[in-house]
Each structure stands twice: as C-alpha cells, then as structure tokens.
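In what follows, every chain begins at residue 1, and chains take the letters A, B, ... in the order their sequences are listed. In this text the structure is predicted, and so the values were computed from the model without any measurement.
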Protein chains: 2
Amino acid sequence: MKKYKETTILDIARELNVSKSTVSRALKNHHSIGAATKKAVLDLAKKYNYHPNNIAYSLSKKSTKTIGVIVPLLSHYYFSTVISGIEELAYKEGYKVIICQSAESYEREVIVSQTLLSSKVDGLIVSISRETNNSDHFKVYQQKNVPLVFFDRVCPDLDVSSVVIDDYQGAFNAVEHLIMGGKRKIAHFAGPPMLKISLERIKGYKDALLKHGIPFDENLLIDCGSGLEQENGSIAAQAMLDAGIRPDAIFAVCDPIAIGVMTTLKKNKIKIPDEIGVVGFCDEPIATVIEPPLSSLVQPAFKIGEISVELLLNQINSPIPLVEKKVLSAELKIRESSLSSVLNDNRI
Amino acid sequence: MKKYKETTILDIARELNVSKSTVSRALKNHHSIGAATKKAVLDLAKKYNYHPNNIAYSLSKKSTKTIGVIVPLLSHYYFSTVISGIEELAYKEGYKVIICQSAESYEREVIVSQTLLSSKVDGLIVSISRETNNSDHFKVYQQKNVPLVFFDRVCPDLDVSSVVIDDYQGAFNAVEHLIMGGKRKIAHFAGPPMLKISLERIKGYKDALLKHGIPFDENLLIDCGSGLEQENGSIAAQAMLDAGIRPDAIFAVCDPIAIGVMTTLKKNKIKIPDEIGVVGFCDEPIATVIEPPLSSLVQPAFKIGEISVELLLNQINSPIPLVEKKVLSAELKIRESSLSSVLNDNRI
DNA sequence: TATTTTTACGCAACCGGTTGTGTTAAAGCG
DNA sequence: CGCTTTAACACAACCGGTTGCGTAAAAATA
C-alpha cells in the first residue's frame with residue numbers, strides 16, 4: 001500500500017516558523033516554551049492528527065518502554081491469565097507488552113528471544129518451553145544487561161529473578177491429601193524431566209509417601225512422554241492399566257494430564273474417586289466441568305504475572321544488577337475426584 | 001539498570017577502518033563488497049556479539065516488519081488458536097507479531113490500537129471487543145493507509161478486509177439438526193446484540209424454525225446479559241427454568257454459555273439430551289470433556305489466522321487500497337448432547 | 001596503450017524524534 | 001541606569017541504521 005505522509009514534528013515546526021526542538025518541547029509541555037507557542041503547536045497537532053513516532057522516540061531515548069513476554073503456549077488458561085496480570089501492571093506503569101509464544105519449541109524460543117532483543121525490549125519475562133535445556137539465548141540478555149524474569153518454568157543454570165510456585169509443597173500436600181483419604185497405592189503421572197517443576201513435584205510426591213511410611217514404587221511413577229496434553233494422559237493411563245498396574249489414586253503433574261487419565265479411567269469403567277482418586281495441578285477451568293470435578297492445586301496466575309512485572313521493574317530501575325526470587329504457594333482445591341468415601345474414617 | 005554499550009555498525013567500521021555503509025552492506029551480503037572485507041566484518045560481528053538494532057532499521061526503512069493483533073481475550077481457546085495461525089504464516093513471511101488483548105473493553109481497545117499505531121505496525125489484525133460500537137480508532141488506520149483486517153467480530157460500519165465464518169449458516173444447521181432430532185421447542189441463548197455474529201446466529205436460528213414450520217417464540221430467545229462466560233449461561237438458564245420456560249432443546253451462542261447451561265440443567269436433574277438437547281458454538285476443548293460431550297460448531301480457527309495474515313499481506317503489497325472479504329463455514333460436530341433418542345425416527 | 005567497465009568502497013543525507021548548549025531580548029535588581 | 005536573571009526559542013549533535021551517488025583503482029576491452 002502506498003505510504004501515507006505522516007505529519008512530523010518538523011512539519012509543524014515549519015508551518016509555525018519555529019524550530020523542531022520548540023515543537024518537541026511544546027508537545028510535552030516543557031516550561032521554557034511560551035503559552036502562545038504551546039497552544040499554536042497543540043492546535044496544529046490536533047488539526048493534522050499528529051501521532052508521535054514511537055520508533056524515533058525509542059531510538060533517541062534508547063528505551064522502548066516495552067516489555068517482552070515469552071510463554072510456551074497461549075492456549076493454556078494458566079499462561080493467558082499470567083499474561084493478563086502482566087499487562088495489568090505493565091500498562092499501569094506506562095509500559096507496552098509484546099507477547100510471543102515459543103509453541104513449546106526450543107528453536108522457536110531462540111528466534112523470538114533474539115527478535116525481542118533486537119527490538120530492544122526494556123525487559124523480558126519468560127516461562128521456558130519444555131524442550132529448552134540450553135540457556136545461551138538468555139545469557140545474551142544478561143550480558144547486555146537487559147532485565148530478565150522467569151516465572152514458573154525457570155532455567156536451572158541461570159541466576160536471575162524468578163517467581164515460581166512451591167511445586168514441592170503443592171505436590172506434597174496433594175499426595176498427603178490422598179493418603180489421608182485412605183489411599184495407599186498412589187501413582188504419579190510425571191512431567192518432562194527437562195522441567196524443574198516436574199522434578200520438584202516428583203520430590204513432593206515421594207516425600208509425602210515417605211512421611212506416611214509408604215514405600216516408593218518405581219512402577220507407580222509414570223512417564224507421560226514429552227507432552228503435557230490430555231492425550232498424553234489418556235495414553236499413559238491406558239498403558240498403565242494394560243500393564244496390570246492398578247493404583248488406588250493418581251496425582252497428575254497437570255490438569256490436562258489428569259483429565260486424560262480420567263477419561264481413560266471412565267472408559268475402563270473405573271469409578272472415580274472410589275476406585276481411583278485423582279488430583280491435578282493448575283486448576284484449569286475444565287477442572288470444574290469434568291465429572292467428577294477434579295481436585296487440583298490452584299496457582300495464583302494473575303498475581304504471578306503482576307509480581308513478574310514488579311521484579312522486572314525493580315531491575316529496570318536499579319542501578320545495579322538485581323536478583324530476587326519469589327516463591328508462592330499453591331492452594332489445594334479439593335473436589336469430588338479425590339473425595340474418597342473412606343476419607344472421614346482415616347482422617348487423623 | 002545501567003545501560004550496556006551495544007556494539008554498533010560504527011564500532012565495527014572504526015576497528016576495520018572502513019565506512020559505516022561498507023559494514024552495513026557487508027552484513028547483508030551486498031554484492032559490491034569484497035569477500036575479504038565481508039569476512040572481516042562478519043568475524044568481528046560475531047566476536048562482539050553484534051545484534052542489529054531493529055529500532056534504527058525501522059526508522060530508516062519506515063517499516064517495522066511487524067503486524068499487530070488485538071483480540072478480546074487470550075484465554076479463549078478459539079482466539080489463541082487463531083493467533084497461532086497468524087504467527088505461523090507471519091513468521092514464515094518474515095514478520096513479527098505483537099499481540100494485545102482488549103480484555104473485552106472498548107477503552108482498552110482504543111488505547112492499544114493507538115499504541116500499535118504509534119509503534120508503526122505494518123498492519124493490524126483485529127477482533128473487536130463486545131463493547132465496541134464505535135470505530136473511530138480504526139478509521140485512523142484507514143486514514144493513514146495502514147492495512148487492516150478484521151476477523152470473526154467485525155465493525156459493521158467499516159469497509160475493510162475481513163475473514164468471518166458463516167454464522168448464519170452455522171446456526172441454521174445447528175437448529176435444523178435439533179429439529180431433525182425431533183425437537184420442537186428450541187430456545188436460543190443469544191450473545192450481545194452489539195456483535196454482528198450474535199445477530200447472524202439469531203437469524204439462522206429463526207430461519208431454521210421458519211423452514212420447518214415452527215413459529216418463533218419470543219420467550220425462547222434468551223438474553224445472556226453482556227457476558228459470554230459460563231456463568232452467564234448458568235444464570236440465564238436458571239432464570240429461564242424459574243420462569244417456567246421449559247424448551248426441549250437449546251442452541252447456545254457459544255460453548256461457554258452452553259457449558260453453563262448444561263451445568264444448570266444437570267443441577268436441576270434435567271436429562272441431556274433426552275429432556276433437553278444442547279448445541280454450542282466454537283468447539284472449545286472443554287466440549288469433549290463435559291458429560292455428555294457437547295455438540296458444537298467447529299470453526300477453523302488456525303486457518304482463520306492464516307487467512308487474516310494473507311489478506312493483510314495482500315494489502316501491504318498492493319499499490320492500491322484493497323478490500324477482500326472471506327467467509328468460511330463452520331462444521332457441525334455432533335456429539336451426545338444433542339443426540340436425541342428419537343433421532344432416527346424423525347430423520348427425513 | 002588509451003578507454004571503458006567493473007569492483008570496492010566512502011560520503012553524506014535521511015528517518016523523526018530528544019536534549020545540551022547557546023543566544024537574544026525583556027524583566028528584575030540594587 | 002548599568003548589570004544580572006530569566007523567559008523563550010534556535011542550533012546542532014545524536015540515536016543506529018539505509019542508500020543514492022561519487023570515485024579511485026583494477027580489470028577488461030578496443
């Protein structure tokens with residue numbers, strides 16, 4: 001499309017027989033500009049529908065007033081909620097937000113992080129893809145002193161600000177809740193070992209068993225493959241049943257997996273929660289809709305977004321490098337899927 | 001954070017005793033640069049970890065190679081899928097994507113559209129908020145000749161490129177399907193009248209009734225308030241039941257509403273689909289998980305995203321203004337929620 | 001060998017803002 | 001009334017790239 005000639009500061013200056021700097025200053029109400037001049041400039045700006053050129057501004061100020069965000073997938077309720085939290089605070093502080101998805105691909109993550117770097121974002125908020133096991137593309141940020149905050153999924157080898165939830169404690173509580181309900185043979189459908197959160201949740205699972213004197217059984221630690229989707233849960237659950245493994249409860253690394261597990265269990269006419277209780281992680285909206293409603297660990301997603309921005313701004317405004325790590329706790333929301341009928345009998 | 005001195009094209013030029021332009025051209029493999037010089041430049045660029053400054057590039061080229069996207073909410077599976085489609089094609093064509101949400105707020109939509117304009121996006125793809133009934137903020141785009149594409153939710157008073165699905169036909173098919181299943185007293189839970197899609201779906205609903213000789217009943221056209229969330233559906237459904245209105249089928253303007261309706265029906269011990277059949281619109285993933293699985297109209301969301309980019313690029317590359325309107329059809333996915341037991345008897 | 005091409009690169013303007021440093025005339029001061 | 005302030009604005013450099021045009025030397029051609 002043929003380009004439209006934007007009216008610039010210079011156009012206004014010429015028409016008013018003043019200098020560029022005068023117009024620039026008039027536009028931002030600088031004190032050293034006469035009232036009459038100011039009015040003339042403002043009027044003309046309105047008349048010509050003047051819009052400042054952010055690009056030029058950014059180039060001269062060396063700041064874009066923009067923060068970049070990279071998430072694995074937008075289509076997860078959790079991530080889109082975090083983003084809402086990020087936007088809320090960012091806009092309030094006069095920052096724009098550029099959102100990118102890595103689509104759970106390491107390669108794509110590298111590309112968008114470089115693009116964002118070249119676009120000179122003032123800071124970056126990231127939750128890494130599940131494939132990512134190299135952090136060189138983020139080290140460049142550190143090298144160039146551009147503020148970085150990780151949330152939820154962090155790079156274990158990077159010492160940067162982060163806000164995560166206490167996966168260990170969350171997992172521990174979930175499993176203990178199942179034990180309290182009289183469950184003894186509790187399986188864990190685990191996430192990709194690449195992600196620290198997977199490992200933390202496994203640890204919480206094991207420690208809860210340990211605390212209650214239940215020996216850890218290798219066969220009950222189920223690998224869901226590389227995916228975190230419903231399908232992976234379904235397949236893994238069927239495989240488990242086919243292998244003759246029959247737990248009395250399942251703690252899944254995330255809700256989609258839990259949902260997949262539940263559909264498979266129902267298909268196999270296994271009663272939830274009586275025969276097998278289920279607990280998920282994340283509390284996606286779907287958890288309340290499935291039958292029976294799924295117990296899950298609620299993560300304060302919106303707050304995580306806000307805190308991420310807060311930590312980022314702290315870095316942006318700090319004269320020296322800053323590293324802050326926040327840990328929030330996930331709250332166990334008990335619904336029917338884990339409400340064993342023996343619950344009351346076994347409660348301590 | 002104290003700013004890190006980025007190495008620029010000029011730094012490299014000085015160290016090599018060549019001019020800026022030579023370095024610039026060497027970096028992009030221009031033919032008029034000697035092989036030795038090229039290599040020297042590339043080597044030094046790598047050594048200093050040079051990253052081109054996109055801001056400067058954009059300023060001089062008057063093109064940011066960026067397309068803006070505004071959606072009402074990221075947390076809807078439909079929208080995030082459209083975005084994936086947009087990103088896919090955009091990246092392939094060398095464009096970056098900036099995603100913003102209006103949060104279904106007119107005010108926020110105006111702000112982000114202005115921000116995007118100042119950021120000099122090369123084009124904008126929009127699905128408007130449900131509050132929006134003024135299009136001045138988009139007219140500025142037209143005025144400045146920056147390409148615009150609407151998808152799904154369009155501004156009725158703007159003559160611009162758009163890609164929408166055939167809401168009328170979709171609704172018609174859904175309702176006819178219910179009629180074929182023997183349903184006669186079919187209610188429609190409608191969307192906000194601000195949105196054209198709501199009106200189209202109402203029209204399809206009415207015409208399907210008409211075709212099959214069923215008189216339209218005002219009382220069966222239910223207003224869900226301004227929201228499109230599950231809660232709105234629940235409330236409206238309960239209100240309907242409380243008013244003594246008892247249809248034998250419900251066609252909901254979207255899946256969340258349908259889900260809300262279903263939960264209320266189930267709470268009232270009404271059997272789905274035997275007593276009341278339900279059909280939604282959008283085919284969110286949740287539709288397959290709820291019990292019984294929800295019949296819905298599948299929108300080719302990913303494709304809608306791709307086509308939006310295609311239409312946008314057509315404009316960007318066209319010497320003259322261009323307006324193309326694409327209409328895709330939604331496919332009815334029949335699941336249990338609308339599979340009336342009398343289906344076979346009544347089929348024509 | 002004289003002349004034309006080609007190769008390889010430099011110069012400087014330009015994109016649209018911001019900002020430190022003048023400069024001039026009016027106002028304030030003792 | 002002479003001198004210092006202050007108000008109001010102009011100049012020009014700068015941010016980091018791109019690009020049209022000019023030019024000198026080397027290569028090709030006549």
- Query: What heavy-atom pair brings B:L42 and B:A26 nearest, and what distance separates the two atoms?
  - Reply: CD2-O, 4.1 Å
- Item | Residue list, side-chain contact (heavy atoms from CB on, under 4.5 Å) with B:E107, at least two apart or on another chain | B:S105
Can you pull every protein N or O that's under 3.5 Å from an N or O on nucleotides 23-25 of chain D?
none

- Message: List the residues meeting salt bridge (charged side-chain N to carboxylate O under 4.0 Å, His left out) with A:E104, not counting sequence neighbours, and say none if there are none.
- Response: A:R130, A:R153
- Could you tell me which residues satisfy salt bridge (charged side-chain N to carboxylate O under 4.0 Å, His left out) with B:K326, sequence neighbours excluded, listed by chain and number? none
- Query: With sequence neighbours left out, which residue pairs that include part of residues 98-118 of chain A fulfil the ring pair (Phe, Tyr, Trp, His ring centres under 6.0 Å) condition?
  - Reply: A:Y106-A:H137
- Message: Show every ring pair (Phe, Tyr, Trp, His ring centres under 6.0 Å) that has at least one partner inside residues 143-165 of chain B, sequence neighbours left out.
- Response: B:F138-B:F150
- Tell me, please, which residues at least two apart from A:K325 pass salt bridge (charged side-chain N to carboxylate O under 4.0 Å, His left out). A:D159
Under-3.5 Å N/O pairs linking protein and nucleotides 15-19 of chain C:
| unit_1 | atom_1 | unit_2 | atom_2 | d |
| --- | --- | --- | --- | --- |
| C:dC15 | O2 | B:S60 | N | 3.4 |
| C:dG16 | OP1 | B:K62 | NZ | 2.6 |
| C:dG17 | OP1 | A:Y50 | OH | 3.3 |
| C:dG17 | OP2 | A:I9 | N | 2.9 |
| C:dG17 | O5' | A:Y50 | OH | 3.0 |
| C:dG17 | N7 | A:K20 | NZ | 2.8 |
| C:dG17 | O6 | A:K20 | NZ | 2.7 |
| C:dT18 | OP1 | A:K28 | NZ | 3.0 |
| C:dT18 | OP2 | A:S24 | OG | 2.5 |
| C:dT18 | O4' | A:S60 | OG | 3.2 |
| C:dT19 | OP1 | A:K61 | NZ | 2.6 |

- Indicate the atoms forming the closest heavy-atom contact of A:I55 with B:S58, along with that distance. CG2-CB, 3.9 Å
- Query: Residues from residues 29-45 of chain A sitting under 4.0 Å of DNA chain C, heavy atoms only?
  - Reply: none
- Message: Holding to salt bridge (charged side-chain N to carboxylate O under 4.0 Å, His left out), I want the full list of residues that pass it with B:R108, two or more places apart in sequence or in another chain.
- Response: A:E88
- Message: Walk me through whether A:Y50 and A:E6 qualify under side chain to side chain donor-acceptor pair (under 3.5 Å).
- Response: CA-CA 8 Å; A:Y50 168 80; A:E6 296 268 2; over 6 Å; no
- Applied to residues 54-92 of chain B, the ring pair (Phe, Tyr, Trp, His ring centres under 6.0 Å) test, sequence neighbours excluded, yields none
- To 10°, what angle do the rotation axes through the five end pairs on each side of the helix from C:dT1-D:dA30 to C:dG30-D:dC1 form? 40°
- Taking the side chain as C-beta and beyond, is there a heavy-atom pair between B:I165 and B:V327 under 4.5 Å? no
- Query: Contact class for B:D11 (heavy atom, under 4.0 Å): base, sugar-phosphate, or nothing?
  - Reply: nothing
